[in-house]
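Quick caveat, the model's predicted, so the values are computed rather than measured. Numbers restart at 1 for each chain; the letters A, B, ... are given by sequence-line order, proteins then strands.
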Amino acid sequence: MPLRIIVLAKQVPDTKNVTGEVMKPDGTVNRNALAAIFNPEDLNALEMGLELKERYGGEVIVITMGPPRAVEILKDSLCRGADRVILLSDRRFAASDTLATSYTIAQAIQTHLMPFDMVLCGRQAIDGDTAQVGPQVAEKLGIAQVTFADRVLAIEGECVRIRRDLGRAQEIVLARKPVLLTVPKSANSPRWPNARLLLKYRRARSAFEVEAEAKRQGRSVDDVVADLRKRGLFIETWGAEDINAELARVGISGSPTKVKKVENVVLAGRNLKLYSADDDGIRSLVTELVEERTFG
Amino acid sequence: MSQHGEVWVYAEVDDGAIAGVSLELLGKGRELAGILGVPLAAVILGSGTRPLAEQLIAYGADIVYSADDERLAQYTTLPFSRVLTDLIREKKPEIVLYGATPVGRDLAPRVASALKTGLTADCTDLQIGSYESAGRLYQKKLLQIRPAWGGNIIATIVSPDVLPEMATVREGVMHAPDPVEGRTGTIIDVPVVLDSECDFVRVIERHTQPRRVDLRSASIIVAGGYGMGSKENFQLVHELAAVLGGAVGASRAAVDAGFIHADHQVGQTGTTVRPKLYIACGISGAVQHRAGMEESAKIIAINTDPEAPIFQVAHYGIIGDVRDVIPRLIKAFKGKL
Ligand SMILES: Cc1cc2nc3c(=O)[nH]c(=O)nc-3n(C[C@H](O)[C@H](O)[C@H](O)COP(=O)(O)OP(=O)(O)OC[C@H]3O[C@@H](n4cnc5c(N)ncnc54)[C@H](O)[C@@H]3O)c2cc1C
Ligand SMILES: Cc1cc2nc3c(=O)[nH]c(=O)nc-3n(C[C@H](O)[C@H](O)[C@H](O)COP(=O)(O)OP(=O)(O)OC[C@H]3O[C@@H](n4cnc5c(N)ncnc54)[C@H](O)[C@@H]3O)c2cc1C
């Protein structure tokens, strides 16, 4: 039986490369200046999906929920070997917390992508940093979850044998399909986009891009879409109605958590006492530590 | 009677003992329950774990909900989330806190999703306070404070309209209270009702490695960074730690460079520590490192770069080369011993 594997991917600001240029004079990060990238561990999830497809046959479908420009990571996914990609994008999805995000994603899967064998997501996104979306999607779909899944050892009939890397512990578990896995970066090294696919998908477009393009070319949207579809270059774009979402459960109204305030981390700046690096300086430091009873 | 529900702490069992972070949460939970004027309860799920209930009471729980059943001998998501979700639905607590451990971060989101309630991840502080939105004032809400964006920002999150308010809390940031022997409380046995779905994941094998170092209980930590230059030079960090009777810590860059094992890493993705004395050798002081050590009582930084951010959290600084300064420090400390 060929597998249907769904990979969840998020476009994130590159919080790992906070260089001088994105620092503001007060030492805080200018969040708007960070580049938007493919969430690193979602590339590990995609790689795991592609390897499973190579081993067992089947298809890899990548879903992202985000603003229109999140389509960039979908095009990237196509160029790495994904078979089908879906953009969940609707103004009303904005400001979702993890509960609303997982509802929206699960709703898209249940409306259009049943039945499936596995859902693979990254362990954690590097912006929200919660690692909650995976388990919550699994709960919404009513399926088992295996977090920190760094290897799929085998698919044995209706079960999947999985290794979990829990830092201080390793586990081998047997999970009933369908199952959701969260994938840590230790799982694999993601492949690079393929040159032939880069060429092919250069012209792939989401519904948002088609609208802009059709206007520019003076053609009808339907016309452009039909043309792209024929060549396998149309990126499916779904909003709330397309996935039969209850509006009370998406976006800000579906999000029980609210951000009350956000502070940039600023260096504390204490009364630093400097000592010289020679024996005298170091001896007086040690004497001070003994006197204030930090040491000795 | 209080208008609020109880404050709960999920007591995680790790190798037959209560996890350190759960004891830390009982300390915080006591404080929150005091402000709300409600009892503090612990929930413990496992097999043969009922004896641990007394211990939870000694650490501050007024009530312990104990589900002791052989089917819960090993943690797996579905049965644990099922029992906990049912219990929360029945007892309606105000707040439920979990350690942000691999278990807590597997269990809590599943439970939150089933209850359609909010969950704040990996908090480093919790307070009770008010929240105003659209002209409405919410009082005595749980303010959940957490780093996000790789540690570059600190957000305060509230879940104003739903109950329970739930959060996972980072290990090592709260203080475990001292146990009080003979403290009394109520232990309530919880029936365990599972269905066939709960058998969807089975653990076939499990291996654990003991931690190489116990950074959390060390009162002195000598930590080395990428500026140590090599594994050979890193030996100086071990030597200084040995002279001081302290433990060895490290930055992630030092771990990544192969100078030392990852168990020694201090910081956001390592261990959070607050020793009496922290000596940072050749560590620049990135936010993610500081997040794990800036609460130390005294911090000494040794670095060749006077602009290194570590000096902004340090109490004492030496601008110099670690290869030169550490041997001198060893000599000076030996002279005082
Ligand atoms: C400062 C700040 C703090 C926040 N704190 C919280 C909080 O404590 N609790 C809370 O509920 N929400 C919180 N949020 C909201 C949260 O960041 C968003 O809901 C976000 O869309 C998903 O959470 P995450 O980034 O933590 O993803 P994670 O849960 O860390 O993501 C895990 C995996 O799920 C998949 N995934 C996640 N998002 C998407 C997506 N949009 N599309 C496709 N796949 C996806 C990916 O595979 C990803 O690797 C916070 C937001 C901000 C800005
Ligand atoms: C999501 C995320 C999580 C992270 N988690 C952690 C974490 O938990 N812990 C952590 O530590 N990091 C973490 N990091 C990495 C962190 O951002 C830094 O990269 C890391 O802390 C840098 O380590 P360092 O200070 O040893 O190295 P560097 O930044 O390279 O600094 C080396 C320092 O040594 C000094 N130096 C060089 N030679 C000498 C000499 N001979 N004598 C004296 N000084 C010298 C230099 O001036 C410099 O200040 C994380 C990063 C991300 C993105």
(request) Can you check whether anything in residues 148-162 of chain A gets within less than 4.5 Å of chain B, heavy-atom wise, and list it by number? (result) A:Phe148, A:Arg161
(request) May I ask you to decide if B:His207's main-chain N or O and A:Gln170's side chain share a donor-acceptor pair within less than 3.5 Å? (result) no
(message) With a 3.5 Å distance limit and no angle check, can you tell me whether A:Lys258 reaches the backbone of B:Tyr131 through a side-chain donor-acceptor pair?
(response) no
(message) Keeping B:Arg146 on the side-chain end and A:Asp129 on the backbone end, is there a donor-acceptor pair under 3.5 Å?
(response) yes
(request) Spell out, as yes or no, whether a donor-acceptor pair under 3.5 Å connects the side chain of B:Arg105 to the backbone of A:Thr130. (result) yes
(request) Identify which part of A:Arg164 has an atom lying under 4.5 Å from any heavy atom of chain B, answering side chain, backbone, both or neither. (result) side chain
(message) Please classify the contact of A:Leu285 with chain B as side chain, backbone, both or neither, using a heavy-atom distance under 4.5 Å.
(response) side chain
(request) Pick whichever of A:Lys140, A:Arg163, A:Glu171 has the most heavy-atom pairs under 4.5 Å with chain B. (result) A:Glu171
(message) Counting only non-hydrogen atoms closer than 4.5 Å, does A:Thr182 touch chain B with its backbone (N, CA, C, O), its side chain (CB onward), both, or neither?
(response) neither
(request) Measure across B:Trp149 and A:Leu34 and return the closest heavy-atom pair with its distance rounded to 0.1 Å. (result) CZ3-CD1, 3.5 Å
(message) Using only atom types and a distance under 3.5 Å, with no angle test, would you say the side chain of A:Gln145 pairs donor to acceptor with the backbone of B:Asp106?
(response) yes
(request) Please flag which part of A:Leu99 lies under 4.5 Å from any non-hydrogen atom of chain B: side chain, backbone, both or neither. (result) side chain
(message) To the nearest 0.5 Å, what is the distance between NZ on B:Lys298 and OG1 on A:Thr294?
(response) 4.5 Å
(message) Under the rule for side-chain contact (heavy atoms from CB on, under 4.5 Å), what residues qualify as partners of A:Glu139, not counting sequence neighbours?
(response) B:Arg110, B:Ser113, B:Ala114
